[in-house]
Amino acid sequence: MFGYAGKFLEVDLTSETIKDTTFDEELLRQFIGGRGLGTKILWDRLGDRWETIDPLGPENILLFLTGPLTGYFPGGRTCVTGKSPQSNGIVGSTVAGEFPVELRCAGYDGIIVTGKAKNPVSIYVKDGDAQIRDARHIWGKKRVATMRTLTREIRAELEKQSPLYGEWKEPAMLYIGPAAENKAIPTAVLAKWTHGAGYGGYGAVMGSKNLKAVLANGTGPLPPAADMKKVQSLIDKISKACYGNDSFRRWGTGAAGYTVGHDQSSEPVKNWQEEWHDETGFGVDKFENKVWVKRYWGDFGCPTTCLKVAFVKTGPYKGAIGDNPDYELQAYLGTNLGIFIPEDNVYLTDVIEDLGFCGIQGGNILGFAGELYQRGILTAQDFGGLDLKWGDTKAFASLAQMIADRKGIGDILAEGTYRAAVKISEMKGVDVMPYAIHVKGIGIGAHGTRSGLDFSTPVAYVTNVQGGDHTSTSQLPIDNPFSELTVTLYDSGVFCWFNAMNSPIQVSLDFLEAVTGWRITPFQWYNKVGRRIIHMQRVALLLGGPDAYWNPKRDDDIPPRFYEPLPTGPKAGQSTEKATVESMKAEYYQKIGWGKRGIPRKAELRRLGLEYLSDALKRIKK
Amino acid sequence: MLAPTIEFPHFCAQCEDYPCVESCSFDALSVNEETGAVIVDKEQCTACGQCVQACPGRIPHIHPTEKYAIICDLCGGDPQCTKVCEEGRWNVLWVVPKPPSGSYKLYARRPKEITEDLAENLYGEYGKELV
């Protein structure tokens, strides 16, 4: 079998046992890896009792998966998945960095983590071997300290073991911050200082297992590819296409903090009360000239290097280091909180990343809290004396700390926007759900639907099996290059959307064939292989439980806010029409093979060899 | 890369006095007169690691499974790394003809030292905390 190391590491933290697991070729061929394979593994092991599994309980399974193209396709990623504490379904959340490449070079395609450790631990994989290590001394530590401590420790050990080897490369690692240790749900699985697998809340799942970090060192080669010449020519082709994406190469997505608001009227401002602004002081030139650490750096093999780093050299936020916020964080930790100053935005990004939040989910809950304060539903007293005014960077940073520590109202907000809205509605006797900008428990990405000028069409989040995830949106036609059926290939591959998007899907499928020897046509992907994954994710999402259930009739919808007219900007007065959503939804159901109630049709499941999902359909709550 | 964002190539600098070649007890290392690159004779090399110790930057390393040291051979005088770097417009690596004077040896340093210097350059007084 080409393209796979052929082994998965299975770690049970409860019994502290480690063993190797394999999957047969036919299964890998059907589900590829990453998001697809993760969905299948979760269903096979937990599907018969999905509704009863507590996502933050020891019975949940946490997966760190690569795919056959990881390391070959420019820009490899790790897919982190499990039962999501946000959506109660399955989210294939991916994160960049060298971890998946090191893991594959160490002889493993993925890590399956079960159970819960008694004390904080880390998992370290090196060349076909793995160990569970004590991590009590790094529990509670933030980004820089966690990475620095672990890097030094592992390097010292390797140098001691093989003093004459030469310089050891540092281990690649995934880790969590203090908020995730406290099982705050809007948290990410982090890599390096600025990467995170944010959608899904898997930081909290890692925290619930007392797992602080996962590290890998691999000195071996990548698993052999079927046609290495073809692989090389495709790497060339894809890199050249990426070299043409000058905007992302220079600014990452950071030019959008001004333009998505100003040009497209689809950027969250003050918890999505507005989506337009003309704050030129928030322009990319300001970030570029004031805070960007002018240095291009990329993860292994990446021709785009969209990620930039910022550092505040002077002023009240001196010393803040983090993303030169990409668009999502410019929006969610900037405009969404009424913050339009680059240094403030970088500072808040630093705070959020240090605590281990997902920048999007963390910003979403902060914005929600800000609006409840604006409306007087939550008062300064509720916030422990904080005056949570829009634009008050320090106040929002303090609230983030409260959420991470689960102090006061922070304990409720740590449950994430949807669950906090349920609790606050009960607590205050006011329905606050209209201010919760989420779909199926997942705060939506910073792309609105009202202006009609962004890629997020009215149905984008409605039928998305990953809720508010803007990197995997349901689109029409279903073979749209932005649609989740397309992205599922990248998430299963597992490689970067930004590097794949410059070429047609055929190129990615050619790449898959060059590495694995398996030929899948775009038609087969959109009609069979990709759909299996989507249907399985959909069934798990609709089963939900134990604390939240989604009814397609009610919950296959955009947040109510998007039906309100935009108050400002050239698109003022415009909103998303309910009738448009309903008709697109019906069309999407029909095109993807779901019945009128939004449930995969039995005939469709039979056609795809997914009969085993049919019984589960009966368990979906009506 | 001991800390994110602080990345740099860790390549052989072709020191004028070639301490690695001097240190080899097995005649496994030699200098290509045309390119100045250090050439490893895989047959002779015993993977003893003396060259790693002798190098001021610990730049050679031992192959993880085979028994020989790995040192950049400048692709026979036509380095491929500079080509991809140029194609990607990173402008980090290019071939510099050997000047009449200039101490190449200064560039043979351990990653930790380079990282610390660069961290200070990029992040000022905070640099120390990052590495």
Side-chain angles (χ1 to χ4, degrees), chain A residues 74 97-98 105 127 143-145 147-148 151-152 155 159 162-170 172 191-195 217-221 235-236 239-240 242-243 246 249-250 293-305 307-314 318-322 324, chain B residues 1-8 10-12 20 23 46-55 57-71 80 83-92 108-115 118-119 121-131:
Chain A
E98 280 74 35
C105 290
D127 290 335
R143 291 174 297 166
V144 170
M147 284 199 69
R148 197 183 48 201
T151 302
R152 281 183 183 171
R155 274 177 63 104
E159 265 169 38
S162 331
L164 297 175
Y165 173 79
E167 291 285 310
W168 280 96
K169 198 176 175 296
E170 70 291 340
K192 296 193 174 170
W193 291 337
T194 47
H195 297 324
N217 263 120
T219 59
I235 291 174
D236 249 14
S239 298
K240 286 205 172 84
C242 294
Y243 293 153
D246 283 313
R249 292 191 78 206
R250 180 161 187 90
V293 177
K294 279 215 172 84
R295 197 173 163 88
Y296 293 92
W297 67 285
D299 300 313
F300 176 78
C302 180
T304 305
T305 65
L307 199 130
K308 313 295 167 194
V309 166
F311 178 64
V312 180
K313 290 200 175 75
T314 183
K318 184 177 166 183
I321 184 170
N324 189 27
Chain B
M1 181 205 60
L2 290 171
T5 77
I6 307 173
E7 283 158 322
F8 46 85
H10 190 227
F11 289 161
C12 171
C20 55
S23 76
T46 62
C48 69
Q50 284 177 54
C51 55
V52 177
Q53 298 288 62
C55 175
R58 285 176 72 86
I59 288 165
H61 65 274
I62 307 298
H63 191 285
T65 50
E66 309 297 321
K67 283 224 163 297
Y68 60 86
I70 299 168
I71 300 175
Q80 299 300 300
K83 289 187 181 165
V84 287
C85 194
E86 193 185 327
E87 194 193 327
R89 287 178 279 133
W90 307 117
N91 305 326
V92 174
R109 295 170 66 206
R110 298 190 66 173
K112 190 162 171 290
E113 297 172 63
I114 304 176
T115 308
L118 282 172
N121 180 323
L122 296 173
Y123 303 106
E125 64 202 84
Y126 293 92
K128 283 195 175 54
E129 293 170 25
L130 303 176
V131 188

Worksheet item: Any side-chain heavy-atom pair from B:Glu125 and A:Lys318 closer than 4.5 angstrom?
Response: yes

Item to complete: Return the option, out of B:Pro111, B:Gly49, B:Pro64, B:Gly88, with the maximum number of heavy-atom pairs under 4.5 Å with chain A.
Response: B:Gly88

Discussion item. Using heavy-atom distances under 4.5 Å, tell me whether B:Thr65 contacts chain A through its side chain, its backbone, both, or neither.
Written reply: neither

Worksheet item: Would you call the rings of B:Tyr123 and A:Phe311 parallel, tilted or perpendicular if under 30° counts as parallel and over 60° as perpendicular?
Response: perpendicular

Worksheet item: At a heavy-atom separation under 4.5 Å, does B:Glu7 approach chain A through its side chain, its backbone, both, or neither?
Response: both

Response to the item:
In terms of heavy-atom pairs under 4.5 Å with chain B, the winner among A:Arg295, A:Glu167, A:Lys192 is A:Glu167

Discussion item. If you apply the rule side chain to side chain contact (heavy atoms under 4.5 Å, CB included), what do you find for A:Lys169 with A:Arg155, and how did you get there?
Written reply: CA-CA 8 Å; A:Lys169 198 176 175 296; A:Arg155 274 177 63 104; 5.9 Å; no

Discussion item. Using a 6.0 Å cut-off, check whether atom CD of B:Glu87 has over 12 heavy atoms from anything other than its own residue.
Written reply: yes

Practice prompt. Against chain A, work out which of B:Arg110, B:His63, B:Gln53 has the most heavy-atom pairs shorter than 4.5 Å and name it.
Written response: B:Arg110

Worksheet item: Who among A:Glu170, A:Arg152, A:Lys308 has the most heavy-atom pairs with chain B under 4.5 Å?
Response: A:Glu170

Discussion item. For A:Tyr165, which atoms come within 4.5 Å of any heavy atom of chain B: side chain, backbone, both, or neither?
Written reply: both

Fill in: Contacts of A:Arg148 that satisfy salt bridge (Lys or Arg N to Asp or Glu O under 4.0 Å) - sequence neighbours left out
none

Fill in: Which atoms of B:Val92 approach chain A - backbone, side chain, both or neither, heavy atom under 4.5 Å
neither

Worksheet item: Which residue out of A:Asp299, A:Asp127, A:Thr305 racks up the most heavy-atom pairs below 4.5 Å with chain B?
Response: A:Thr305

Worksheet entry | Heavy-atom proximity to chain A below 4.5 Å, by part of B:Tyr126 | side chain

Worksheet entry | side chain to side chain contact (heavy atoms under 4.5 Å, CB included) involving B:Ser23 - partner list, sequence neighbours excluded | B:Gln50, B:Cys51, B:Ala54

Worksheet item: So is A:Arg249 actually on top of B:Trp90's ring, under 6.0 Å and inside 45° of the axis?
Response: yes

Fill in: A:Leu307 portion near chain B, given a 4.5 angstrom heavy-atom threshold
neither

Worksheet, complete the sentence: Applying a strict 4.5 Å limit to non-hydrogen atoms, the region of A:Thr219 in contact with chain B is both

Worksheet entry | Side chain to side chain, A:Val293 and B:Thr5, heavy atoms closer than 4.5 Å | no

